[in-house]
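The structure appears right after this line, and notes come after that.
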Amino acid sequence: MDKHFDPQSIENKWYQTWENRGYFKPAPSQTGNHYSIMIPPPNVTGSLHMGHAFQDTIMDTLTRYHRMLGDETLWQPGSDHAGIATQMVVERQLAAKGLSKHDLGREAFIDKVWEWKQTSGGQITQQLRRLGMSPDWSRERFTMDDGLSNAVREVFVQLYEQDLIYRGKRLVNWDPVLHTAVSDLEVASEEEMGSLWHMRYPLSDGSGHLVVATTRPETLFGDQAVAVHPDDERYQSLIGKTVTLPLVGREIPIIADDYVEKDFGSGCVKITPAHDFNDYEMGKRHNLPMLNVMTIDAAMNDEVPEKYQGMDRFEARQAAIKDLEALDLLEKIEPHKLMVPRGDRSHAVIEPFLTDQWYVAVEELAKPAIDAVKNGDIEFVPKNWKNTYFEWMNNLQDWCISRQIWWGHRIPAWYDDEGRVYVGRTKAEVRANHQLASSVTLNQDEDVLDTWFSSALWTFSTLGWPEKTPELEKFHPSSVLVTGFDIIFFWVARMIMMTLKFTGEVPFKQVYVHGLVRDAEGQKMSKSKGNVLDPIDLIDGIDLESLVQKRTTGMMQPEKAAKIEKATRRQFTDGIEAYGTDALRFTFASLASTGRDIQFDLNRCEGYRNFCNKLWNATRYVLMNTEGEDTGLDETQPITLSLADTWITSRLQTVTQQIHKHFEHYRFDLAANALYEFTWNEYCDWYLELSKPILQSETATDAEKSGTRRTLVRVLESLLRLLHPITPFITEEAWQAVAPLAGVDTQSQRTIMTQPYPLTNEALIDESAEAELEWVKQVIMGIRRIRSEMNIAPSKPLPVLMAQMNQNDQAWLKNNQVFLKKLARLESIDVIATDAEAPDSAVALVGEMKVLIPMAGLIDKEAELSRLDKDIQKLNKELARLNGKLNNEGFVSKAPEAVVKKEQQKRHDAESALKNLKDQYAKIEQM
RNA sequence: ACGACUGUAGCUCAGUUGGUUAGAGCGCCACCUUGACAUGGUGGAGGUCGGUGGUUCGAAUCCACUCAGUCGUACCA
């Protein structure tokens, strides 16, 4: 084995082996349990980002853990077709050749999309393989596959037949660039600077004018009323009169509606029902006409005066203002901050637009979905997220599911020449059901469904629904959904509604909601900010120039390139080192606590790379000391276990217990931490060191050496299995070498992946061994501290004296001479009956016992005095605190007895230590 | 405006039902090329747990208020 762990030399090898041998497929349950996770389908257009890597590490860890527990485990992979995003990608490619999708026509265009999907759609799945992910690739699904499309049609038809899907003309969020409706969730409003234009609307009877304020003067052409508050004295007499709409000449009524704020602007609001959501509602209340004045491009249509027809909405705005000004109808212009809605894909300003769309009536679906979370059938982890869920579910709007694009599931509705609509699974079914003669022409609806409509069916459509498959039986409901909070509305809520409706089951029993990965400065990672990290670059490393190149090419806003380059060069002066997959995964696990934001710090990654190296070298040490030696496999041969052996075995049980608990609670950070601590601070720092005196001893018996070798190997073998769900590669590589020495037949048991996950054996928890070893550590650390603070070379063997020993101390000293001598580098250990015989010494206390290092020729009086003084000060403070507590009548009478006793014990210990140190101080002082 | 979350060492974060001397990693300081590992070892410094008040014998932990930050929802045209 190499001196350093080299991830690149083992990762691909093992991944291929695992996949080729079919280890990712569900294997028959050994526990009777089934465990399944459905991957939140990444977008086919996407490439892997840190969020995926983080989320998938969690899912893979859970999957590997349950697989090792013996559950029949399925991690279902796949991707969604991302209607708008994918269509945009392919359109952009066509545009580069000077073509539009209309040049190709619908069918040829869709063929092109499929073609693109075949060639580039698999990028993310290859990247997932690099991360060591173990989903059952043989079951990979895509939302546009036949099976899933079939499920989509089935759901659509059934919902339609139950009046839960309807078609209607409504005001929707219209994206004038993409020419499609989008749902409210796909619109993000941001504060932008604009103006508030105050316009005069003359009263039709010539008796004056009203002033209305607007942020969107161009919608004036569609105005159908001016509204005032019913209690507003200023306008009482005008209610019911009309104003004449400037530039248009139409008379529109002045109406009263308490939606109007008296105190804002002039207290008069222009009402444009076809271009504003609030006005739309008011328009319905007052039976106002809905006049659409724009085209699908958000240019003015022919409902406006000829002069403005064909103008873009913003151009028309300027023209209207200019013309109003010319007519002296513009009272004033104020700067005004307003929320501007923009489409999350196109970034275009969204236009409320009156169109025919398909909707899901959600009210009836929502109720059981709310109940499922209320009654605990679905549990959110951490549980506060259910509030977010309820808040959304209690304020649901009907879901607009039609999209005016080509790529997606075409709506299974057909129209006859009279425009009557028929919904069915196929055209033939429609004909049959409605007895339509073949002479009746039927044209299918042009629209496709929102991608989330198919994603909402993901947990059951991927398992073969509407067929009754064995997979559905076994793996549905899935065990847990692992997802980010940003997607609770988009996906989680809709999945719960649809799945309950169609399977009568919840889609998942738990929802584990994790945080969002941010950069080291807490900024959200985004391509436009130029602060994204590619997980693969953390695995393989990347030099600075390539990183700069990567971050500054293909940008939406090239003007930011210089800034990004500068920041990148500052933050990554030497590029990024290759940390390997295991280190990256361990980092993600350690960051998975309960918070909402996860700041990704490269230093953490480096630390866990070092951890992998530590594990690697511990393995080297174990192999060097056990290969070709007796590792105690023959149970009939005698072995002797040292204190260190029983201690580390005991500790292993406790850690194992903790890991199970942490995985149950999705506390991957705590699990990672416990594993790190055990591996480094117990197994490596202490146990491996304690094994040396035995293995290198000339006097130790074969039974003792076998006992230690056996423990070395078995604890390591267990540790590798404990670590495997988080760090699959290094553990597999090490396990192959270690397992045979622990008695595992790697001819039949070919991989760590399918080994049983370690269970706690409580019989092996040995508190007395832990106490004794703690004593050994205390003695060693006390001596090391004196060495260090007295500047005594670590290499210099020291004589020590032990005094004030109780029975335990005496027994423990007798048992552990070898450990102490070796680890503390002692020349000799002598016991003295009383202090009196002791020469001038530096002292360390272990309980009552004194560990003395004679000072002759070694120790500086002043240094020792100041060292003692420091400890005395500390103890004084501690004692004052304890006295305060114990002298408090309330504490002694009201606190539980055990707590009081504990404090009394502490006081006793502190007092005795203090006395010892003070005596010592006095003694040294007199030297 | 409402709601949620966060505030603990220079940095990133743990801290279970109130009872620890408040922990870890990184960084920092000193020493050490000892035979698994310098991607290492040993020792050390560093925190009035955002603030105020309360409940309690006892608060980082519970309650109220407050400050700062993040996010979500709703917004006045």
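These numbers come from a predicted model, not from an experiment.
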| query | With a non-hydrogen cut-off below 4.0 angstrom, is Lys614(A) in contact with a base, only sugar-phosphate, or nothing? | reply | base
| query | Without hydrogens or angle criteria, can the side chains of His229(A) and Glu261(A) be said to hold a donor-acceptor pair below 3.5 Å? | reply | no
| Across the strands shown, which category fits Trp197(A) at heavy-atom distances under 4.0 angstrom: base, sugar-phosphate, nothing? | nothing
| task | Provide the distance between the two P atoms, one in rA64(B) and one in rU6(B), to the nearest whole Å. | result | 15 Å
| query | With rounding to whole Å, what would you report as the distance between rU34(B) and rU16(B) at their C1' atoms? | reply | 41 Å
| said: Distance check, C1' atoms only: rG50(B) and rA68(B), in whole angstrom units. | reply: 8 Å
| task | Describe the nucleic acid contact of Asn888(A) in one word from base, sugar-phosphate, nothing, applying a heavy-atom distance below 4.0 Å. | result | sugar-phosphate
| Atom pair distance, as rounded to whole Å: CG in Leu591(A) and C1' in rA24(B) | 13 Å
| query | With a 4.0 Å cut-off on heavy atoms, is Thr388(A) in touch with a base, just the backbone sugar-phosphate, or nothing at all? | reply | nothing
| task | Quote, to the nearest angstrom, the P distance that separates rG3(B) from rC65(B). | result | 11 Å
| query | Using a cut-off of 4.0 Å on non-hydrogen atoms, how would the nucleic acid contact of Arg867(A) be classed: base, sugar-phosphate, or nothing? | reply | nothing
| task | With heavy atoms under 4.0 Å as the rule, sort Cys684(A) into base, sugar-phosphate or nothing. | result | base
| said: Would the base of rU6(B) count as contacting Arg596(A) through its side chain, where contact means a donor and an acceptor less than 3.5 Å apart? | reply: no
| query | Which of the following nucleotides, rC13(B), rA36(B), rC31(B), is nearest to the side chain of Pro794(A)? | reply | rC31(B)
| Salt-bridged, Arg216(A) to Glu351(A), with N to O below 4.0 Å? | yes
| said: Once you apply a heavy-atom cut-off of 4.0 Å, does Asp685(A) come out as touching a base, just sugar-phosphate, or nothing? | reply: sugar-phosphate
| message | Output the rounded distance in Å from CZ (Arg604(A)) to P (rG25(B)). | response | 11 Å
| C1' atoms of rG47(B) and rG7(B), separation to the nearest Å | 14 Å
| Are Arg709(A) and Glu629(A) within salt-bridge range, i.e. N to O under 4.0 Å? | yes
| query | Counting any heavy atom closer than 4.0 Å, what does Glu521(A) reach on the DNA or RNA strands: base, sugar-phosphate only, or nothing? | reply | nothing
| request: Identify which nucleotide among rG3(B), rA4(B), rA77(B) has an atom closest to any side-chain atom of Glu391(A), counting heavy atoms from C-beta outward. | output: rG3(B)
| query | Does the cation-pi check pass for Lys692(A) over Tyr621(A), that is, NZ or CZ under 6.0 Å from the six-membered ring centre and within 45° of its axis? | reply | yes
| task | For Glu606(A), report the nucleic acid contact type (base, sugar-phosphate, nothing); a contact means any heavy atom under 4.0 Å. | result | nothing
| task | Using both pair distances under 3.5 Å as the test, note the stems of at least 3 consecutive Watson-Crick or G-U pairs that include RNA chain B. | result | B:1-7 with B:67-73, B:10-13 with B:23-26, B:28-32 with B:40-44, B:50-54 with B:62-66
| query | Can you find an N or O donor on one side and an acceptor on the other, under 3.5 Å apart, linking the side chain of Glu677(A) with the base of rA14(B)? | reply | no
| field | Distance in angstrom units between Lys524(A) NZ and rC71(B) P, rounded | value | 9 Å
| task | Determine the contact category for Lys885(A): base if any of its heavy atoms lies under 4.0 Å from a base atom, sugar-phosphate if only primed atoms, P, OP1 or OP2 are that close, otherwise nothing. | result | sugar-phosphate
| query | His4(A) on top of rC37(B)'s base, within under 5.5 Å and under 30°? | reply | no
| task | Determine the contact category for Ser795(A): base if any of its heavy atoms lies under 4.0 Å from a base atom, sugar-phosphate if only primed atoms, P, OP1 or OP2 are that close, otherwise nothing. | result | nothing
| said: Distance check, P atoms only: rU73(B) and rC62(B), in whole angstrom units. | reply: 28 Å
| said: Using a heavy-atom cut-off of 4.0 Å across all strands, would you classify Asn395(A) as base, sugar-phosphate, or nothing? | reply: nothing
| query | At under 4.0 Å between heavy atoms, what does His336(A) touch on the DNA or RNA strands: base, sugar-phosphate, or nothing? | reply | sugar-phosphate
| Do we get Arg518(A) above Phe600(A)'s six-membered ring, with its NZ or CZ under 6.0 Å from the centre and within 45° of the axis? | no
| Members of residues 893-912 of chain A that approach RNA chain B, where some heavy atom sits under 4.0 Å away | Lys894(A), Ala895(A), Pro896(A), Val899(A), Lys906(A)
| In terms of side-chain heavy atoms, does Thr727(A) have a donor or acceptor partner in Tyr608(A) at a distance below 3.5 Å? | no
| query | P atom, rC2(B) versus rG18(B): distance in rounded Å? | reply | 31 Å
| task | Before accepting this row, confirm whether a basic side-chain N of the pair Lys386(A)/Glu391(A) lies closer than 4.0 Å to the acidic partner's carboxylate O. | result | no
| Hey, does Leu670(A) reach any base, or is it just sugar-phosphate, or nothing, if we go heavy atoms under 4.0 Å? | sugar-phosphate
| task | Please determine, for the side chain of Tyr676(A), which listed nucleotide (rC26(B), rG72(B), rA77(B)) has the closest atom? | result | rC26(B)
